[in-house]
2 protein chains.
Amino acid sequence: MTLHATNDFFIPARTGFPAPAGRALASLQPISVYPAGSEIYAQGEKAGNLYQVEFGCVRVYRMLADGRRQISAFHLSGETFGFEAHPLHHFFAEAIGAVGVRTLLPAQGIDMSSQILPLALQGLVRAQEHLLVLGRQSAVERVAAFLLDMAERQGGLDRLELPMSRTDIADYLGLTIETVSRVFSKLKEKGAIRLISLRSIEIRKWQVLRGMME
Amino acid sequence: MTLHATNDFFIPARTGFPAPAGRALASLQPISVYPAGSEIYAQGEKAGNLYQVEFGCVRVYRMLADGRRQISAFHLSGETFGFEAHPLHHFFAEAIGAVGVRTLLPAQGIDMSSQILPLALQGLVRAQEHLLVLGRQSAVERVAAFLLDMAERQGGLDRLELPMSRTDIADYLGLTIETVSRVFSKLKEKGAIRLISLRSIEIRKWQVLRGMME
DNA sequence: CGTGGTGTTGATTACTTTCAAGATGTGTGG
DNA sequence: CCACACATCTTGAAAGTAATCAACACCACG
């Protein structure tokens, strides 16, 4: 699937998520809109650009030869992704739903390291914290951690939106969709959460979820 | 355990591992020697320094309240660690065996971002690749990936040294020591590896290990 | 030559996956 | 607006993998 982005499109950044930070980095760049499921970059492609999400959600992932997939991160409004240590991409990035992305071109001559470094470090800490979840936490703990993380990134309100499918959640948490579904049901039974719709959740007992993360 | 490093010690960087890269970053800094098991920094401490391993091996990890531990990375000679996005450390760093470390102090006024950024990105890619291992690979695959990674970082020779205990390996791979031990035995039976000693391994069938990573 | 720490091996248990079926939701065309 | 079809999600039963519990072997140290 090699859909291309509709370029040079102006879209007001209305997302329901917190306003993007650090926009000063490249305010002149236009926003590209990627349709649902389209590829932003692929493993093996030339890397170099950075991308800032304006609205929507992006998944960054890696694949094994047999089709197993691990999503290393979801990126919501205001977050920056596309960091690579080498000339070629090691990961895939795809739009979940329609996504508005500001491409930050590597300015020739100008060193933006000091602006980029904090963003890279943010990603590094996030990844390392996720290692703890994948390496040492049970299915329930993983889902609880995920919900709390998503809630926090959306402003810490009781109600949160899940822009991604169960499959995406499973591939992010290192579980199967069935297990994710079962855990959702269990949390629902316990009254910790309420499913307003499939992609919309209300957290009713923060303490229960927090207690599950230890 | 708050052992302190023996400072201002000159130790020739003889390690058996590849020579450190990027030493120009702070060639003036003295080497600190941390004794086996000592703490280099702890979660909650003020962050800001970077550390470059001169010899030995460092483990960086996180803990859950109930004692579960996830090692997010081992750092060998020449590698740099200590990156943090926030003013306080989110992780612990400890010496495995005796370790020589060059502390890179944050130079006031001078912006070293352009030198630090590639190192941070290296760590980011490493962490994200490890996510795939923890999230989607079986015990055997994890151990195989670990051995190949260690071998590669030590020059790609048939013989490799494991500076860390089985417990450390388990906590890095998200397994128990029993499972790690069993996988080692299984690989030994298959003739893929030979245990020269507990901490010294010969890889006899690279293809078998590689095949296990998919 | 004990002694404590580390590593190995075996038996059982527990959790997650896999396989399978059914339910719910969404989008399209009539 | 409804009906159908496909995709996504949920639930159940069986199977598999790694964890846990337990005993023993090995190694380093005094």
Side-chain angles (χ1 to χ4, degrees), chain A residues 1 35-37 59 64 66-70 96-98 133-147 161-190 193-201 212, chain B residues 1 35-37 59 64 66-71 96-98 133-147 161-190 193-201 212 214:
Chain A
M1 195 193 296
R59 60 176 169 249
L64 287 171
D66 63 359
R68 283 176 289 177
R69 182 179 74 154
Q70 178 64 43
I96 301 180
V133 175
L134 295 188
R136 286 293 175 224
Q137 300 207 280
S138 70
V140 203
E141 291 170 328
R142 292 182 203 200
V143 172
F146 170 70
L147 291 177
E161 305 301 318
L162 300 180
M164 68 294 286
S165 68
R166 299 286 188 271
T167 304
D168 285 336
I169 297 173
D171 284 350
Y172 177 66
L173 297 178
L175 301 169
T176 59
I177 48 170
E178 293 95 329
T179 300
V180 171
S181 183
R182 271 184 258 269
V183 172
F184 271 66
S185 299
K186 187 177 290 180
L187 292 175
K188 207 170 49 178
E189 281 168 29
K190 286 190 182 175
I193 63 172
R194 192 167 71 90
L195 275 83
I196 298 166
S197 76
L198 277 175
R199 301 281 179 97
S200 189
I201 287 180
M212 279 172 171
Chain B
M1 196 196 293
R59 62 176 167 246
L64 288 171
D66 63 1
R68 284 176 289 178
R69 183 178 72 155
Q70 178 65 44
I71 294 180
I96 300 179
V133 175
L134 295 188
R136 285 295 176 222
Q137 301 206 279
S138 69
V140 203
E141 291 170 327
R142 293 182 203 201
V143 172
F146 171 70
L147 291 176
E161 306 299 320
L162 300 179
M164 69 293 287
S165 68
R166 296 288 188 271
T167 304
D168 285 337
I169 298 173
D171 284 349
Y172 177 65
L173 297 178
L175 302 169
T176 59
I177 48 171
E178 293 96 328
T179 300
V180 171
S181 185
R182 271 185 256 270
V183 172
F184 270 67
S185 299
K186 186 177 291 180
L187 292 175
K188 207 169 52 181
E189 281 168 28
K190 286 190 183 175
I193 64 172
R194 192 166 71 89
L195 275 83
I196 298 166
S197 75
L198 276 176
R199 302 281 180 98
S200 188
I201 287 182
M212 280 171 171
E214 216 69 350

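Values in this document were obtained by computation on a predicted structure and should not be read as measured data.
Across the protein-nucleic acid pair, A:Lys186 atom NZ and D:dT11 atom C1' stand 13 Å apart, rounded to whole Å. Here C:dG7 presents its C1' atom at 16 Å from CE of B:Met164, a figure rounded to the nearest Å. Rounded to whole angstrom, the span from the CG atom of A:Asp171 across to the P atom of D:dC9 amounts to 12 Å. As rounded to whole Å, 13 Å separates atom P of D:dT8 from atom CD1 of A:Ile96. What separates CG of B:Leu162 from C1' of C:dT6 is a distance of 14 Å, to the nearest Å.
A salt bridge between A:Arg166 and A:Asp171 is absent, with no side-chain N of the basic residue lying under 4.0 Å from a carboxylate O of the acidic one. Between A:Arg136 and B:Asp66, none of the side-chain N atoms (NZ, or NE/NH1/NH2) sits under 4.0 Å from a carboxylate O, so this pair counts as no salt bridge.
Note on A:Arg199: only backbone sugar-phosphate atoms sit closer than 4.0 angstrom, heavy atoms only; bases stay farther off.
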All N/O pairs under 3.5 Å across the protein-nucleotides 8-16 of chain C interface:
unit_1, atom_1, unit_2, atom_2, d
C:dT8, OP1, B:Arg166, NH2, 3.3
C:dT8, OP2, B:Arg166, NE, 2.9
C:dT8, OP2, B:Ser181, OG, 2.9
C:dT8, O5', B:Ser181, OG, 3.0
C:dT9, OP2, B:Ser185, OG, 2.2
C:dG10, N7, B:Arg182, NH1, 2.8
C:dG10, O6, B:Arg182, NH2, 3.3
C:dT16, OP1, A:Ala139, N, 2.7

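Defined by atom type and a distance below 3.5 Å, a donor-acceptor pair is missing between the side-chain atoms of B:Ser181 and B:Glu178.
With rounding to the nearest 0.5 Å, the separation of NZ in A:Lys190 from NZ in A:Lys186 is 6.5 Å.
Counting only heavy atoms from C-beta outward, the side chains of A:Leu134 and A:Gln70 approach each other to under 4.5 Å.
Minimum interatomic distance between B:Ala170 and B:Thr176 (heavy atoms only, all atoms of both residues): CB-C, 3.6 Å.
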